[in-house]
Every structure is written in C-alpha cells, then in structure tokens.
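Each remark here refers to the structure printed beneath this line.
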Amino acid sequence: MPRLRKFGSLGVKYAFPAILLAGCTSPVEVPLQEADILLLNGTVYDGTLGDARIADVAIVDDRIVFVGDAKEANYSAPVSLDVTGKYVAPGFIDPHTHYDRDITPWANDPDKSLILPAIMQGVTTVFVGVDGSGHPAIGETLSNAEKKGVGPNVAAYVGFGAVRSMVLGYSDRAPDADELGTMKGLVSQGMCEGAFGLSTGLFYSPQSYSTTEEVIALTKEAAARGGLYDSHIRDESSYTVGLLGAIQEVIDIGDATGIPLHIAHLKALGVDVHGQSTDVIDLVEVAQSEGLTVTADQYPWVASGTSVSASLLPRWAQVGGEEAMIARLRDAEDGPKIRAAMTENMRRRGGPDSLLLSNSTKDEWIGKTLQDLSEDWNVDPVEAAIRVLEQGGAGLASFNQSEEDVKRFMQQPWVMTSSDASGGHPRKYASYATKYAKYVKKEKTITTTEFVHSSSGLVADSLGLVDRGYLKDGYYADIVVFDPENYAPRATFLEPEILSVGVVDVLVNGEFAVRDGEPVNSAPGRGLKHMPTEGTCE
C-alpha cells in the first residue's frame with residue numbers, strides 16, 4: 001500500500017510516490033496514485049517568472065497535488081485531459097471589478113452571478129467593493145454571493161465611499177469627532193468580517209470632499225488589521241491636484257500608516273498628462289526604495305469607462321446628489337460656471353469626438369459621440385452633454401490615454417492586469433484576452449510569462465490571497481487552459497458584451513466552470529475572507 005500524504009487539517013490525501021532504494025540496480029515500482037483530474041502534456045506557466053515547461057497537473061478535491069510527469073509518478077484519474085499544445089496557467093485574479101452589481105440578491109438575472117465574462121477569459125477570482133463602494137457588511141456580501149451561486153471566487157474591500165455616505169451623506173464637509181469615530185468603527189467592522197483592505201475612490205463625490213487626514217484616520221483601521229489600501233486616486237489627470245499630486249497623496253498615506261499601497265487602474269488620463277507615466281514610475285520606485293510596498297493594476301485599453309457626470313461635471317456641482325445638480329445647471333449664476341468647467345473638462349479628455357456614449361437607457365444614443373449628438377441636435381457639445389444629464393445621464397467610453405503610457409506602465413514588474421469590469425465597455429468581456437492577443441502576441445510589449453505572472457501570482461502575493469495564484473503542490477486548483485493560437489477578444493466598443501474565445505478549460509476550486517470551450521453553468525466559486533491580524537477584532 002502506498003503511503004498517504006495529508007495537508008494539515010485540510011483532509012486532502014494522495015498516494016506518495018515510492019523512491020529508489022540506495023544500491024538497487026533496478027527501479028522500485030512506483031505505486032499507483034489516484035487523482036480526480038489530470039491535465040496532461042500542457043505547456044505550464046506556473047505563475048512565477050520562471051520559464052514554461054511541458055508538464056502534467058494532478059488535482060484531488062479542490063487542490064493541486066502534483067505538477068510534473070504524471071506517467072513517471074504513476075498517476076491515474078477518471079478524468080484525464082490531453083491538453084497538448086495548450087497553455088496551462090493559474091486562474092487569473094482580477095483585482096478591480098464591479099461584479100458586486102451582479103452578485104447582489106436583487107440582481108435581476110440569476111445567470112449574471114456566474115460571471116461568464118470573467119470565467120470565459122480564465123479569471124477565477126474577482127475583487128469587488130472597489131473605488132470606495134464596498135459596504136462594510138463584508139460577511140453578508142460574501143455569503144450572499146455563495147448563496148446565489150457564483151462562478152469565480154469573490155474577495156471584497158470595505159469602501160470609504162460607502163462608509164462616508166452612511167455617516168455624512170453627500171455633504172461637502174469634514175466629519176466631527178463622533179462621526180469620524182463611527183466611520184472608523186465601520187471600517188473596523190468590514191476588516192473583521194473579512195475585507196482585504198480599504199478601498200477609496202477619491203475622484204468621486206462624496207469621497208472627493210475628504211481631506212487626506214480623514215483618509216489616513218480610516219486607513220489606520222485597515223492597517224491595524226493587516227489590510228491594504230486600494231485607491232482610485234484623487235486625480236488621474238489635471239482636474240485638481242494633478243496625476244503626480246494624487247500619486248504623492250497615496251504615498252503620503254502609506255508613510256503615515258505603514259500600510260501596503262495599491263493604485264487602481266493606473267493611467268495618465270487626458271492630453272495634459274500624456275507622457276507623465278515616466279514621472280509616476282519614478283515616484284513609485286523612490287517610495288519602494290524607501291521601504292513602502294506599492295503596486296498597481298491596469299486594464300489594457302486607451303479608453304477608460306466613466307459617465308457624463310463623472311468626466312465633465314465639477315465636483316462642487318454634484319454636492320447633494322442628482323436633483324441638486326440639475327437645479328444648479330438651470331441656475332442663472334451657477335449654470336454658466338458649470339458650463340465653463342465642462343468645456344475645460346471636455347478639452348482635457350480630448351474633445352467631444354473622444355467621448356463615446358456606451359451605456360444608456362436611450363438606445364439611440366449608444367455608439368454616438370458627444371460630437372455626433374451635438375450635430376444631431378444642432379447645439380454645442382456641452383449643451384448636448386447637459387441634455388444627456390437632464391435625461392438621466394449615460395456611460396461613456398473616454399478615449400483619453402496614449403499607447404506609450406499604457407505600454408510603459410504594463411512593463412513594470414509591480415503592475416498587474418485588471419478589467420475594471422463595468423457595463424458599456426469591452427474591458428469587462430475582453431481585458432485579459434486583449435492583453436494577450438495585442439500586447440503579447442502582436443506587439444510583444446511583454447512576454448507570455450510576464451502576462452501570466454501579472455495576472456496571477458503577482459496579484460495573489462500583492463493582495464494577500466493564500467494558496468492561490470500559482471500552479472504548485474498544495475495550492476487551490478484554480479486553473480485556466482487556453483489555446484495560444486485562438487485566445488482573443490471579440491467584444492468591441494460598439495458591441496461590448498461578446499464573450500472572448502480561446503479558453504478551453506477553467507477549473508475553480510477543482511471544479512469545471514468551462515469544459516471544452518463551453519461554460520458548464522456551475523457555480524464553484526467561494527467567498528474568500530482575509531484573516532485580520534490576531535487580536536485586533538476582539
């Protein structure tokens with residue numbers, strides 16, 4: 001009988017191979033070892049920056065138990081798949097998504113919780129609660145996801161915006177001592193229920209009304225419990241403090257708290273800051289050399305996804321919510337000031353031709369730019385934008401970045417892949433496939449090894465996921481098998497909701513979510529909780 005190896009309290013067992021005895025002239029027979037699933041003859045990229053190799057992967061229950069030569073180790077399994085010529089990699093981990101909108105109990109379409117746009121690109125774990133949106137009831141968020149049935153694993157942040165609006169609403173003021181204490185308690189609650197850190201969206205109201213000192217006070221609550229600070233920074237362009245000023249604010253928060261720092265969807269947005277990627281990289285690397293942990297994520301597009309209000313309105317015009325904003329637009333004194341600010345913001349983003357309506361309740365607007373609407377309605381582009389706002393607003397694809405900046409950020413060893421998955425932009429359905437097809441295969445900006453690492457191992461290490469992100473003995477069996485010749489996007493800005501192609505198999509926690517290129521409509525994902533620092537949640 002073969003000896004059995006056991007992973008601690010996990011109860012995962014498998015037969016341990018026999019060894020050659022010293023002095024023997026013939027090999028000792030290797031006992032048969034049983035797995036549940038074998039992936040045979042694949043080109044394995046294990047999530048590190050090491051070279052790919054031809055190898056087999058054995059899976060028992062929800063874990064990888066072997067990576068190597070399965071025949072030599074005498075493995076067998078009831079499910080053995082020959083994946084010759086295919087790439088086998090750790091399931092990709094998306095650090096910045098808005099899939100919480102799809103996994104809430106009140107989401108209309110139950111199939112949305114399978115999150116096929118991610119699964120069909122090989123993404124097996126998604127982070128939600130980003131941009132400051134995460135409700136502090138993290139335990140409820142994760143349990144609801146599991147009850148509903150989720151395709152990939154889900155991890156969450158507690159959000160500064162959610163916390164601030166719960167206490168201060170949309171008011172443009174600082175909290176008093178009691179209110180700050182309440183906010184700190186909500187951050188603590190989120191961390192103690194399993195949040196991986198505090199997320200902020202300092203560009204957006206009401207978070208934009210905060211001071212750095214207020215953010216630091218709440219960040220200390222996450223730092224004390226072993227979390228990280230994830231931020232949609234205050235300015236990715238030249239709106240207020242500027243791109244470099246916003247990066248410096250993140251570093252200042254790290255200096256004040258000691259927390260690991262993560263910059264969400266890193267970019268140089270708008271004509272005023274094109275080329276500043278070099279300066280951003282210098283700032284980050286100086287901070288790293290001084291002992292701070294700083295990472296970032298990036299989606300591989302020159303267009304961001306936003307809304308008419310977020311991209312064009314000054315923040316003071318949004319105080320009090322949509323109704324107050326509309327009243328200010330119609331006010332004889334405030335209206336001209338808002339229009340002047342919108343004119344400047346439109347210039348900053350590249351003009352009305354660069355702003356494509358991509359998500360709206362008015363189907364006839366989708367696929368048109370603000371320039372198109374201004375010509376259709378015979379008004380100037382700012383008035384066209386105001387008409388859109390008065391009729392409920394719309395989502396935009398904002399073409400505001402340079403390819404040079406996108407590539408320069410992508411090549412940094414501390415920048416990982418993300419999607420910022422949200423409606424009306426192909427990034428939700430195609431970010432990983434686009435990064436591979438365009439920046440690996442076609443333009444050779446990065447290598448396949450770097451693509452896999454920046455989409456798996458780097459993310460797991462940076463954000464604190466345990467036993468995920470690598471193809472290693474004992475790690476969870478989150479795995480993607482994709483065809484290097486056919487892995488490609490199909491979504492476009494005019495048709496953003498088309499699934500990518502080329503993924504052959506996807507396993508999440510050892511269960512198939514995709515088999516032979518087709519989703520199997522299973523929900524093997526789990527809610528993943530960060531363990532707070534011992535003694536901080538009593």
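We number each residue from 1, following the sequence as shown.
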| message | Given 3.5 Å as the limit, does a donor-acceptor pair link the side chain of N400 with the main chain of G270, or not? | response | no

| task | List the atom of A268, the atom of H274, and the distance in Å for their closest heavy-atom pair. | result | O-CD2, 3.7 Å

| message | Is the shortest side-chain heavy-atom distance between L329 and M325 below 4.5 Å? | response | yes

| Judged by modelled atom types alone, do R468 and S456 share a side-chain donor-acceptor pair under 3.5 Å? | no

| request: Assess whether atom CD of E495 is packed by more than 12 heavy atoms of other residues, nucleotides or ligands within 6.0 Å. | output: no

| query | Going through the checks in order, is the salt bridge (Lys or Arg N to Asp or Glu O under 4.0 Å) test met by D62 and R526? | reply | CA-CA 11 Å; D62 60 356; R526 300 172 182 172; 3.1 Å; yes

| field | Closest approach of P117 to Y99 (non-hydrogen atoms, all atoms of both residues) | value | CB-OH, 3.6 Å

| Do N153 and T125 have side-chain N/O donor and acceptor atoms under 3.5 Å apart? | yes

| Counting only N and O atoms by type, is there a donor-acceptor contact under 3.5 Å from the side chain of E221 to the main-chain atoms of S188? | no

| task | Of all the heavy-atom pairs spanning A174 and E214, show the shortest one and how long it is. | result | CA-OE1, 4.4 Å

| request: Return the set of residues passing ring-ring contact (aromatic ring centres under 6.0 Å, His included) with F92 (not counting sequence neighbours), or none when no residue passes. | output: Y432, F451

| Should M120 and Y429 count as side-chain neighbours, where that means a heavy-atom distance under 4.5 Å? | no

| task | Quick one: do K428 and D94 satisfy salt bridge (Lys or Arg N to Asp or Glu O under 4.0 Å)? Show the steps, please. | result | CA-CA 11 Å; K428 181 175 183 177; D94 194 335; over 6 Å; no

| task | Using distance alone, with no hydrogens and no angle criterion, decide if R348 and S238 have a side-chain donor and acceptor under 3.5 Å apart. | result | yes

| task | Show your reasoning for whether side-chain contact (heavy atoms from CB on, under 4.5 Å) applies to K112 and K148. | result | CA-CA 10 Å; K112 280 190 173 182; K148 189 165 188 176; over 6 Å; no

| Check: V480 and V503 side chains under 4.5 Å, non-hydrogen atoms | yes

| said: For the backbone of D420 and the side chain of R427, can you confirm whether one donor and one acceptor N or O come within less than 3.5 Å of each other? | reply: yes

| message | Nearest 0.5 Å, please: how far is OG1 in T434 from CH2 in W301? | response | 3.5 Å

| task | Look at the side chain of R164 and the backbone N and O of G159, then say whether any donor-acceptor pair between them is shorter than 3.5 Å. | result | no

| task | Verify the neighbour count for atom CD of E364: are there more than 12 heavy atoms of other residues, nucleotides or ligands below 6.0 Å? | result | yes

| Main-chain N/O of R349 paired with S354 side-chain donor or acceptor, under 3.5 Å | yes

| query | Could you give the distance from CG (L463) to CZ (F127), rounded to the nearest 0.5 Å? | reply | 4.5 Å

| said: Please find the pair of heavy atoms, one from S422 and one from H98, that lie closest to each other, and give the distance. | reply: CB-CD2, 4.1 Å

| Closest non-hydrogen atom pair between A317 and I338, with its separation | CB-CD1, 3.8 Å

| message | Can you see whether H265 engages E236 through a side-chain donor-acceptor pair at a distance of less than 3.5 angstrom? | response | yes

| field | Atom pair CZ (R234) and OH (Y204), whose distance is rounded to the nearest 0.5 Å | value | 14.0 Å

| message | Whether D331 and R328 form a salt bridge (side-chain N of Lys/Arg under 4.0 Å from carboxylate O of Asp/Glu) is what I want to check. | response | no

| query | Is there a donor-acceptor pair closer than 3.5 Å between any side-chain N or O of H453 and the backbone N or O of G47? | reply | yes

| message | Quick check against the 3.5 Å criterion: does R225 have a side-chain atom that pairs as donor or acceptor with the backbone of A223? | response | no

| message | For a side-chain contact (heavy atoms from CB on, under 4.5 Å) check, start with the C-alpha distance between M342 and I386, then their side-chain angles and the critical distance, and finish with the verdict. | response | CA-CA 9 Å; M342 292 177 69; I386 290 172; 3.9 Å; yes

| said: Assess the residue pair L356 and K368 against the criterion (side-chain contact (heavy atoms from CB on, under 4.5 Å)); give the C-alpha distance rounded to whole Å, side-chain angles, the decisive distance to 0.1 Å, and a yes or no. | reply: CA-CA 6 Å; L356 178 74; K368 292 190 174 186; 5.8 Å; no

| Any side-chain heavy atom of I103 sitting closer than 4.5 Å to one from N144? | no

| Hey, what do you get for CD1 (I253) to OG (S231), rounding to the nearest 0.5 Å? | 6.5 Å

| message | To the closest 0.5 Å, what do you measure between CD (Q288) and CD1 (I281)? | response | 10.5 Å

| query | Distance-only, no hydrogens or angles: does the E344 side chain make a donor-acceptor pair with backbone N or O of A340 under 3.5 Å? | reply | no

| said: Would you say that R408 contacts D405 through its side chain, given a criterion of any heavy-atom pair below 4.5 Å between the two side chains? | reply: yes

| query | For atom CD of E285, is the number of surrounding heavy atoms from other residues, nucleotides or ligands below 6.0 Å larger than 12? | reply | yes

| Looking just at side-chain N and O atoms, do T200 and Q207 make a donor-acceptor pair shorter than 3.5 Å? | no

| query | When rounded to the nearest 0.5 angstrom, what distance separates OG in S431 from NE2 in H96? | reply | 11.0 Å

| Looking only at heavy atoms, which two atoms of V271 and G350 are closest? And how far apart? | CG1-CA, 4.4 Å

| Who passes ring-ring contact (aromatic ring centres under 6.0 Å, His included) against F399, sequence neighbours left out? | F493

| said: So F160 and T219, do their side chains get closer than 4.5 Å, heavy atoms only? | reply: no

| query | Can N509 and D478 be said to form a side-chain contact (heavy atoms from CB on, under 4.5 Å), step by step? | reply | CA-CA 5 Å; N509 299 308; D478 295 343; 3.7 Å; yes

| Within the side chain of S237, is there an N or O that forms a donor-acceptor pair under 3.5 Å with the backbone of Y239? | no

| message | Is it the case that the side chains of T97 and S419 hold a donor-acceptor pair, with the cut-off being a distance below 3.5 Å and no angle test? | response | no

| field | Polar side-chain atom of S500 near backbone of A491 as donor-acceptor pair, under 3.5 Å | value | no

| message | Using side-chain heavy atoms (C-beta onward) and a distance below 4.5 Å, is Q391 in contact with W365? | response | yes

| note | The side chain to side chain contact (heavy atoms under 4.5 Å, CB included) partner of L266 among I233, I247, T295 is I247

| message | Do I119 and L114 have side chains that approach each other closer than 4.5 Å (heavy atoms only, starting at C-beta)? | response | no

| said: Check this for me: M166, atom CE, are more than 12 non-hydrogen atoms of other residues, nucleotides or ligands nearer than 6.0 Å? | reply: yes

| field | Distance-only donor-acceptor check, side chains K435 and T417, under 3.5 Å | value | yes

| Side-chain H-bond candidate by donor/acceptor type, Y157 with D100, under 3.5 Å | no

